[in-house]
Number of protein chains: 2
Amino acid sequence: MLLRIDAGSDAPLYDQLAGSLRADMAAGRVRPGERLPSAREVAAALDVNLHTVLRAYQELRDEGLVDMRRGRGAIVTSAAGELFSLRADIAALGAKARTLGLSADALASLVRDELRQG
Amino acid sequence: MLLRIDAGSDAPLYDQLAGSLRADMAAGRVRPGERLPSAREVAAALDVNLHTVLRAYQELRDEGLVDMRRGRGAIVTSAAGELFSLRADIAALGAKARTLGLSADALASLVRDELRQG
DNA sequence: CGATTAGTTATAGTTGATCTATAACAATCG
DNA sequence: CGATTGTTATAGATCAACTATAACTAATCG
């Protein structure tokens, strides 16, 4: 598991953290049933506030990717496995968009809106 | 062209506006060569500030989807046509993600990161 | 040319999100 | 029980988002 944070990025820290964990799930580096390191551990390791890490975890919970309970921590759900099963499709779409010279943000926004309403 | 704004949404107004126009391009409702309504017109019609609309237009410019020049307005580029050519792939990925019960935000974030680095 | 259109730049103020800092609380587990 | 871990509460600092005006410059049209 590789937790990256870029202070120079315009994206919020908790979004970066959640994105980092999401990518780990999609890549199969983090699997269903696994427990994420405790928020306090991560906060200490990355030198950010506890709440920042918890907000990232809650973002993943809202997406159905982890279950959270006090005393037990954040446990990866089966939805992470389903993300993993889409990795080839996502890579294919990304490659196609890249040859067309499309921006990451434009494509991501379209995909979001497609899944939300389309 | 359908410009939607939802005040209750957590997304910034300029992102919503840009997303709305992007969706129009991907759907073929707005085509290369076409001129977008002037920022002042849109601002008046949606009752938002001129700068908010301009920021949305600049977002589209940064993504290569429009060219902007003073006196002439924002003109849709050929990149919009390439977005259109991806619509089927995007819809297919969205449908697959939907059957798996994945959230729009999770999938969109993965696609963004994929195109950025992967 | 003169008037209009439309994006660009500048300044400033308000509101809300982000991040941090502490601390106490409640469920889980050995 | 004691340690761990998420949850909740409060508060403060910093920055993004949005608004409001106004002046400026390039393009367009009669």
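Throughout, a chain's letter reflects where its sequence line sits, starting with A, and its residues are numbered from 1.
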For DNA chain D, what residues of residues 56-79 of chain B have any heavy atom nearer than 4.0 Å?
B:Arg70, B:Gly71, B:Arg72
Spacing of B:Leu13 atom CG relative to D:dA16 atom P, expressed in whole Å:
17 Å
Beyond-backbone contact of B:Val76 with B:Leu65, side-chain heavy atoms, under 4.5 angstrom
no
Should the pair B:Asp89-A:Lys96 be classified as a salt bridge under the 4.0 Å nitrogen-to-oxygen rule?
yes
Distance, rounded to the nearest Å, where A:Arg40 contributes CZ and C:dA21 contributes P:
15 Å
Sub-4.5 Å side-chain heavy-atom contact between B:Met25 and A:Leu110:
no
What salt bridge (Lys or Arg N to Asp or Glu O under 4.0 Å) pairs are there with at least one residue in residues 11-30 of chain A, not counting sequence neighbours?
A:Arg22-A:Glu59, A:Arg22-A:Glu63, A:Asp24-A:Arg29
Below 4.0 angstrom from OP1 or OP2 of D:dA17, is there any side-chain N or O of B:Tyr14?
yes
SB check A:Asp67 A:Arg72 (cutoff 4.0 Å)
no
What is the distance, rounded to the nearest whole Å, between atom CG of B:Leu54 and atom P of D:dT25?
18 Å
DNA chain C: 5'-proximal contact among B:Glu41 and A:Asp15 (nearest heavy atom)
B:Glu41
Give a yes or no on whether a donor-acceptor pair under 3.5 Å exists between the nucleobase atoms of D:dT21, that is its base, and the side chain of B:His51.
yes
Base, sugar-phosphate or nothing for B:Arg55? Non-hydrogen atoms, less than 4.0 Å.
sugar-phosphate
Based on the rotation axes of five pairs at each end, what angle does the helix from C:dC1-D:dG30 to C:dG30-D:dC1 bend through, to 10°?
40°
Using the rule given for side-chain contact (heavy atoms from CB on, under 4.5 Å), can you reason through B:Glu114 versus A:Leu107, listing the C-alpha separation, both sets of side-chain angles and the distance that settles it, and then say yes or no?
CA-CA 10 Å; B:Glu114 165 68 29; A:Leu107 183 66; over 6 Å; no
B:Asn49 has its side chain closest, among D:dA17, D:dT21, C:dA6, to D:dT21
May I have the distance from A:Asp10 (atom CG) to C:dT18 (atom P), rounded to whole angstrom?
13 Å
Close side-chain approach of B:Thr77 to B:Pro32, heavy-atom, < 4.5 Å
no
The side chain of A:Thr52 lies closest to which of these nucleotides: D:dT5, C:dA6, C:dT20?
C:dT20
CZ/A:Arg4 to OG/A:Ser9 distance, rounded to the nearest 0.5 angstrom?
10.5 Å
Does a side-chain heavy-atom distance below 4.5 Å link B:Val53 with B:Tyr14?
no
B:Arg35 has an atom CZ; how far is it from atom C1' of C:dG7, in whole Å?
11 Å
Distance check needed: D:dG6 C1' versus A:Leu50 CG, whole Å only.
8 Å
